[in-house]
Amino acid sequence: MQVIPVNLQERSYEIEISPGALDRAGVALASLGDVSRVVLVSDDVVDNLYGVRVAESIVDRGLDLDVIVVEHGEESKSIEVAYSLWEQLLELGADRKSVIAALGGGVVGDLAGFVAATYARGLRYFQIPTTLLAQVDSSVGGKTAIDLPKCKNIVGAFHQPSGVLADTTTLQDLSAKDYVSGLGEVVKYGVSLDSELFDMLERNVDAITSRDAQTLEKIVAKCCSIKSEIVAADERETSGRRALLNYGHTFGHSLEAALGYGAIPHGHGVLVGSILAARLAQRLGASGDARFSAIDDAWLDRQLALYRNLGLPTSLHDLGRDYGDAPETTPQRLVELMASDKKTEFGKLNFILPVALGECVYAKDVAADDALAVLR
Ligand code: GLY
């Protein structure tokens, strides 16, 4: 078992990562103290797989339990579903001592977290992430959100969970697509923030593709500890440090938006976006920006080799092969979408770009022409 602390003064909590952790849900929730009831929020697919097991573990600890199941998929991150959850919490008599437990991937975690942040001006919530993407990224750090039809994650709140429990055996049940999507966030940490992790990924390609439990436990723990340190330093993304978690995301979000949210998994957008971001850094370096002088062909080849060895998409062409060709992804359209991204300050293009292996910078005010050039 690995335990990673997230140090945020009175909002501190622990991330517990182990095979079989689902059976410890009751113990972990009871240990929060003063819990009147647990409201377990899950989606239909995850509930079928693990709902009974987690519910038994909670009831075994003598806690009152209610279960709310939403439909799987990004559509559930909507105001309608949040509204239905608020109403159900009211009917169930949820009070300040109630804890919402999110069992599932990023959609369930973001939705349940948002409802916890807003109901009765804030209830405690607990994350039980079951996808790789949720275990290494979205369950940690307190970003909660729902989508508007035209913009993902635009309505939300920072609300830290009271704890995170990640069972790495659930990763065996993921579809290849969801596993690859989670690996998108994993390689992101390695390329942009931690060269040791990058080396470890290079050395363990077979163990990763065969989903070896011990290797995955180490990888999830490593990613969570990188994220925990960054979140502790910049909880609300004000200093620019937390924004460094977004390598690959400017291009990635524009791809997701162009194709329609949910058409490609988030991690696939990040993967292709991170290669495009590396090409952008290479281009800026070649045109005299000294920060990016180390991003040359050899650097890019090493990144591409890791992605290819892990079977990850690296180009729009790869996405087209897997998800159908998409005329919406013209360079012009993608740049327009990037310019309207909610994180864009005053219409300038912002990117997280690599400067060395495991190191990146927040590059503000990149010219649209440079972004266009790497998309062509
Ligand atoms: N996924 C990026 C963050 O949590 O800040």
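Just so you know, ligand 1 is whichever comes first in the structure, and atom 1 is the first atom listed for that ligand. Hydrogens, waters and symmetry mates play no part in the numbers below; they use all other heavy atoms, side chains included.
Remark: Asp289 engages Arg291 in a salt bridge, criterion side-chain N to carboxylate O under 4.0 Å. With salt bridges taken as basic N to acidic carboxylate O contacts below 4.0 Å, one links Arg283 and Asp370.
Taking atom 5 (O) of ligand 1 as the reference point, the nearest protein heavy-atom neighbour is Arg242 NE, 2.7 Å. What sits closest to atom 2 (C) of ligand 1 on the protein, heavy atoms only, is Asn246 OD1, 3.7 Å. For atom 4 (O) of ligand 1, the nearest non-hydrogen atom of the protein is Lys227 NZ, 2.5 Å.
A donor atom on one side chain and an acceptor atom on the other are not found under 3.5 Å apart for Gln2 and Glu16.
Grouping the Ile, Leu, Val, Met, Phe, Trp and Tyr side chains by contacts below 4.5 angstrom, directly or via other members, places Leu245 with Ile352.
For an aromatic pair to be called close, the ring centres must be under 6.0 Å apart, and Phe114 with His159 fails this.
Among Leu133, Asp137, Leu245, the residue whose heavy atom lies closest to atom 1 (N) of ligand 1 is Asp137.
Neither the backbone nor the side chain of Val231 comes within 4.0 Å of ligand 1, counting heavy atoms alone.
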